[in-house]
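Please read these numbers as outputs of a predicted model, since none were measured by experiment. For ligands, and for the atoms within them, numbers begin at 1 and follow the listed sequence.
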Amino acid sequence: MTKTNIAAVVLAAGAGTRMKSALPKVLHPIAGQPMVSHLIDRLTSVGADQIVVVTSPDIREQIEIFPSVEIAVQDPPLGTAHAVLAARDSMEGFVGDVLVLFGDTPLLTEDTIQAMVEARRGKNNPAVVVLGFSPDDPGEYGRLVTGPNGGLEEIVEFCDAKEDERKIGLCNAGIMAIDGARLFELLEEVVNENAKGEFYLTDIVSIARSKGWGCVTLETDDPDEVMGVNSRTGLAEAESAFQYRMRLSAMESGATLQDPDTVWFSFDTQLGKDVTIGPNVVFGPRVKIGDHVEIRAFCHIEGATVDTNAIIGPFARLRPGADIGPDVQIGNFVVVKEARLDEGAKANHLSYIGDSRVGARANIGAGTITCNYDGFLKSHTEIGAGAFIGSNTLLVAPVKVSAGAIIGAGSVITKDVEENALAISRAPQEKREGWALKYRLRKQAYKDKMEKKAE
Ligand code: UD1
Ligand code: CA
């Protein structure tokens, strides 16, 4: 791997109490992926040589599982500057630029990260680059104080800001790119003489200025990208902003979304070309959809692969391990789990297909159920190519229906069926001529008698 000379420090040691959750804030998911791993993925894509996540001791174990991440523990949390200092040992020997990100600001884009690094390495060799934005309501964000030539002079935290400073619209997003050679010298000079009694990372700007080092602001025009999540409402807003982004990107890459606002993607959903997605479709993690697939309204799909030209739904559910071959049709109220359906197979109505293999062009009649679970074990059902399974069939696994066989409707199949055979298991039908008429006359006579009695 080529060296980028970029190290990232992701701050995630804050308490996150406003989430009112047993789950640490940075592990709450957006589009099915923990917030912090959104950032880790972006940093991996830009080729960061090192990613250090600063955590509190209690969530350490839950963060450690993420690949290619080092952990630095901050205990107790004494502020954002103090948090970056906690990563110092992990970065021993590192030469390059340090990105500081907040674990609760997960929607940062790769482009912005790149631009931050470029600005740091650009004109006048600034010590610090700060990501700024101008939100409609600056609220309690830190304010960026710029000088006459546009350079950044100081960041004032809201609670320490004077009235005129609070009127500044340009805010601190919290994300910085800092020259690694100067970072720790700056951090060592940060003191906690402020309203909160914390060591503010934001103070490194005025400290750098006092040394005659330049600081600059890079402004993003997308406030969603720097949205910080502090509460469940914030989480929902971030989810919605991220879904919006995914819907746009799906359409831009050639998918038709009939009602984009009602389609919910997972962070890793993969769509082929000319995919059509109807309203109210939900994707869970690990879904791959091939070219020209049509997913009709109200489908729920997770852990599934769907091959070219297949038609799914409306109202279908594909659960993990569903492997849908080309030209397959899965219709309404059909659940598929851990099952492969080969080319052209059809299961169009009201079925459960689990732990199965269905051969090419087999037809699964309405109401067919693979009885894969006996309360102890899961067993496999094999349905051969071109087999025809009559409606309302129960296939009690383990069982095999060979190629070309036909199963009579309503059967309970417990034994293997040979190639091209007919299997049928149902109570023989009785015939009683005129019975229905006699029955109706008898009923009517009874009704008449009762009415007479009542008069
Ligand atoms: C911070 C900025 C503020 C900016 C805002 C943007 C500072 C001093 N202030 O304020 O200028 O406008 O973000 O959202 O940086 N954390 C630790 N250890 C600590 C304290 C915080 O790891 O000791 C982590 C938190 O988990 C969080 C991040 O740092 O991910 C930011 O901390 P937070 O307390 O939310 O800062 P803000 O008050 O929002
Ligand atoms: Ca915050």
* Can you find a pair of side-chain heavy atoms, one from H82 and one from Q74, that are under 4.5 Å apart? -> yes
### Note: R245-E225 ion pair, threshold 4.0 Å (strictly below)
no
Inset, instruction - Is it possible for you to check whether R166 lies under 6.0 Å from the centre of the six-membered ring of F158, through NZ or CZ, and within 45° of that ring's axis? - result: yes
Any heavy atom of P77 under 4.0 Å from ligand 1? The part involved is both
When you check the gap from the basic side-chain N to the acidic O, do D342 and R357 get nearer than 4.0 Å? yes
Counting from 1 in the order shown, the ligand 1 atoms closer than 4.0 Å to a non-hydrogen atom of Q74 are 17 (C), 18 (N), 19 (C), 22 (O), 23 (O)
Is a donor on one side and an acceptor on the other found under 3.5 Å between the side chain of E302 and the backbone of V287?
-> no
The answer for which part of L78 has a heavy atom under 4.0 Å from ligand 1 is backbone
Geometric class of the F298/F315 ring pair [parallel <30°, tilted 30-60°, perpendicular >60°]
parallel
Exercise for the section: Return yes when at least one protein heavy atom is under 4.0 Å from atom 38 (O) of ligand 1, and no when none is. Expected result: yes
Min over V54, N172, I204 of heavy-atom distance to atom 5 (C) of ligand 1 lands on N172
Are any of the N/O atoms on T202, whether in the backbone or the side chain, positioned under 3.5 angstrom from an N/O atom of ligand 1?
no
Rounded to the nearest 0.5 Å, the CD1 atom of I295 sits from the CG atom of L318 at a distance of 8.0 Å
Do the side chains of S391 and H349 get nearer than 4.5 Å, heavy atoms only? no
Would you check the N or O atoms of Y141, main chain and side chain alike, for any that come under 3.5 Å of an N or O of ligand 1?
no
- Query: Is the closest side-chain donor-acceptor distance between E110 and Q114 under 3.5 Å?
  - Reply: no
* **Distance-only donor-acceptor check, side chains E219 and S134, under 3.5 Å** => yes
Looking only at non-hydrogen atoms, the one of N194, V36, T80 nearest atom 8 (C) of ligand 1 is T80
The answer for which part of E157 has a heavy atom under 4.0 Å from ligand 1 is side chain
Of all heavy-atom pairs linking T262 and N280, the shortest is OG1-N, 2.9 Å
When distances are taken from atom 30 (O) of ligand 1, the protein heavy atom at minimum range is L11 O, 3.0 Å
among protein heavy atoms, the one nearest atom 1 (C) of ligand 1 is F102 CE1, 3.6 Å
Near G103 (heavy-atom distance under 4.0 Å), the atoms of ligand 1 are 30 (O)
inquiry  = Can you tell me if A83 contacts ligand 1 (heavy atom of the residue under 4.0 Å from the ligand)?
reply    = yes
Among non-hydrogen protein atoms, atom 23 (O) of ligand 1 lies closest to G79 N, 2.8 Å
Quick look: A173 vs ligand 1, heavy-atom contacts under 4.0 Å, and the answer is backbone
Nearest non-hydrogen protein atom to atom 22 (O) of ligand 1, with distance, is A13 N, 2.9 Å
The closest protein heavy-atom partner of atom 25 (C) of ligand 1 is G14 N, 3.7 Å
- Query: Do any nitrogen or oxygen atoms of G142 come within less than 3.5 Å of a nitrogen or oxygen of ligand 1?
  - Reply: yes
Note: H82, heavy atoms under 4.0 Å from ligand 1, region reported as neither
Notebook entry, point to check: Out of curiosity, is A12 lining ligand 1, as in a heavy atom under 4.0 Å away?
Noted result: yes
Geometry only, no angles: is L201 polar-contacting ligand 1 at N/O separations under 3.5 Å?
no
request  = Name the orientation class of the two ring planes belonging to H38 and F242 (parallel below 30°, tilted from 30 to 60°, perpendicular beyond 60°).
outcome  = perpendicular
Item checked: Test item: protein heavy atom less than 4.0 Å from atom 34 (O) of ligand 1 -> no
**Study point:** Cationic N near anionic O, under 4.0 Å, D355 to K378
**Key:** no
The answer for which part of K196 has a heavy atom under 4.0 Å from ligand 1 is side chain
Of all heavy-atom pairs linking R60 and T55, the shortest is CA-OG1, 3.8 Å
